[in-house]
Protein chains: 2
Amino acid sequence: MQQSPVPPEPPIYRRIADGLREAILSGDLRDGDRLPGENALMARHGIARATARQALSVLINEGLAIPKRGSGVYVRQFRPIRRHGSRRLSRDRWGRGAAIWDSDTEGRPYTVDEVDIDRERAEDPVARVLDSSEVWVRRRRYSVNGRPVQLSVSHFPAELVEGTAITREDTGPGGVYARLGELGHAPAHFTEELRARMPHPHETVQLDLPAGTPVIVIARVARTADGVAVEVNEMVLDAASYVLQYDFDS
Amino acid sequence: MQQSPVPPEPPIYRRIADGLREAILSGDLRDGDRLPGENALMARHGIARATARQALSVLINEGLAIPKRGSGVYVRQFRPIRRHGSRRLSRDRWGRGAAIWDSDTEGRPYTVDEVDIDRERAEDPVARVLDSSEVWVRRRRYSVNGRPVQLSVSHFPAELVEGTAITREDTGPGGVYARLGELGHAPAHFTEELRARMPHPHETVQLDLPAGTPVIVIARVARTADGVAVEVNEMVLDAASYVLQYDFDS
DNA sequence: GAGTGGTCTAGACCACACG
DNA sequence: GTGTGGTCTAGACCACTCT
């Protein structure tokens, strides 16, 4: 007969973290509220400093709290931007008020900084998809309300765009897609591949990410009506700043 | 005149973590390889145990390494499943060999366990979208090769599906969508909203997630040709097990 | 100046994995 | 049995924030 297994007591730091998480998720502690600090936890539970830190680090790594040096640990907030992928039909017909998650429905004014344009040898996945060993690369960072939210790296086959405005900082009215259209290579079909993972160090710096924040990586391939790939765009989004939406049929 | 700011030396634990990360990302350490343990780091760098642990915890929280009690810390691997959202046109015409990320292209045999079906009061976002205060809820967990990879919670308006196979464990041939079709409410339009975040504790348990693994949350709304919402499905995916793909036009 | 989080040391005991 | 990671104590010094 199976001995009823005794559930082991969770360690102290975990029980403290569970209590604080409960307070956050239940709404007892709200966005921006201050959590009890290290000293408060030490006194209240009679534990060592390292143990109190460990409890707080759980919540920080879960993305529920943010530490501020010399000040305290605070409940984190979530106010995402909504990014639309395919939206062909749904938008006006039943897009209103039907969202699952709250968001700033339309992207607030983006600012673009750290633009960087270069001609480079294509790396492997991009070279294969574009069928081109030389590419023009446009790197950008997007910010909303002064907070960086997205990194974008666009690749174009070098032979295709050589000498056009796509190789210059100002791409002119309508942007790169209008230029591709004038070249007779208007994008008509898109494929977006998505992943989520923890950020690499350079992403943490460029997006100013606190601990416990994943990134969403989108690799988008734009193809002409003939199926020729003309752009590969890899985007890295601060996951805490975005809700992505895709609408489709059948 | 601006004093050239002296970049402060990163702390020891960070420099050690940077070195190990470099070894992982460069391929010096490969999937499944063992990292130097706490004792090795203490000896090599002349540091205290807690500092060595802190260095390793950085990599663990980044999802690059996995600790195994009594054994060591190992380099983590990434072998995702590919999940297709809208795929109307692209699949056969230019889907082949054009992927950015490697994956098991078609989902390997899923197994379903922990099925749970209940009639419940609808919570707020779901109640609003389905315009229904009572819902039938189908909860499931999906596993691939014995590893849990996805949690799924489907909601249906209670009045609509009452007494049908949708309220029973075996939904019959074609599944719930076939049953909805027979009721004259065939789903025709889909909206998927996506987020990524760190998992909640119950998700960590049910998906057996190691630290440093985000989840992707998909809220999918199915609507009939008339625009009536007939299903809300909230899925929670182990982000390390998935690549999502969406294909669309214009 | 007082309080906060960030880093670090030097120990300790434990449960677990592996040979 | 030995080595591993998991938890915890009791200190210390620092940089930073807030008042």
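Protein chains get the first letters and strands the later ones, always in sequence-line order, with residue 1 at the start of each. Just so it is clear, the model here is predicted, and its values are computed rather than measured.
- Backbone-only contact: B:R34 has heavy atoms under 4.0 Å from sugar-phosphate atoms and none from a base.
- Checked by atom type and distance alone, the side chain of A:T204 pairs as donor or acceptor with a backbone atom of A:H200 at under 3.5 Å.
- Proximity note for B:R69 (side chain, C-beta onward) versus C:dT9, C:dT4, D:dG6: the nearest is D:dG6.
- If you take CZ of B:R53 and C1' of C:dA10, they are 15 Å apart, rounded to a whole angstrom.
- Checking D:dC8, C:dG5, D:dG6 against the side-chain heavy atoms of A:V73 singles out C:dG5 as nearest.
- At whole-Å resolution of the value, CG in B:L56 and C1' in D:dG6 are 13 Å apart.
- Note that CZ of A:R21 and CG of A:D18 are 5.0 Å apart. Values are rounded to the nearest 0.5 Å.
- Residue B:T51 has a polar side-chain atom (N or O) positioned under 4.0 Å from OP1 or OP2 of C:dT9.
- When rounded to the nearest whole Å, the span between NZ of A:K68 and C1' of D:dC18 equals 14 Å.
- Non-hydrogen atoms lying under 4.0 Å from DNA chain D are contributed by B:G37, B:E38, B:N39, all within residues 36-46 of chain B.
- Between B:R49 and C:dT9 there is no side-chain polar atom (N or O) within less than 4.0 angstrom of OP1 or OP2.
- Atom CG in A:N61 sits roughly 16 Å away from atom P in C:dG5 (whole-Å rounding).
- Between the side chain of B:D33 and the main chain of B:L29, no donor-acceptor pair closer than 3.5 Å is present.
- Look at A:Y13 and you'll find a side-chain N or O under 4.0 angstrom from OP1 or OP2 of D:dT7.
- The CD1-P distance, from A:I12 to C:dC14, rounds to 15 Å in whole Å.
- To the nearest angstrom, C1' of D:dG6 lies 16 Å from CD of B:Q54.
- Remark: the backbone N or O of B:E203 is not paired with any side-chain donor or acceptor of B:Q206 at under 3.5 angstrom.
- A residue-by-residue look at A:A48 and B:G72 shows that B:G72 has its nearest nucleotide of DNA chain D further toward the 5' end.
- Listed candidates were D:dC18, D:dG6, C:dG5. Nearest to the side chain of A:S71 is D:dC18.
- Using a 4.0 Å heavy-atom cutoff across all strands shown, B:I47 reaches sugar-phosphate atoms only and no base atom.
- The main-chain N or O of B:S71 is found under 3.5 Å from a side-chain atom of B:R34 such that the two form a donor-acceptor pair.
- Of all nucleotides listed (C:dT9, D:dC8, D:dG5), D:dG5 comes nearest to the side chain of B:P67.
- Screening B:E231, B:R220, B:R138, B:R140 against B:S154 for a side chain to side chain donor-acceptor pair (under 3.5 Å) leaves a single residue, B:E231.
- Side-chain contact annotation: B:S152 with B:N233, donor-acceptor N/O pair under 3.5 Å present.
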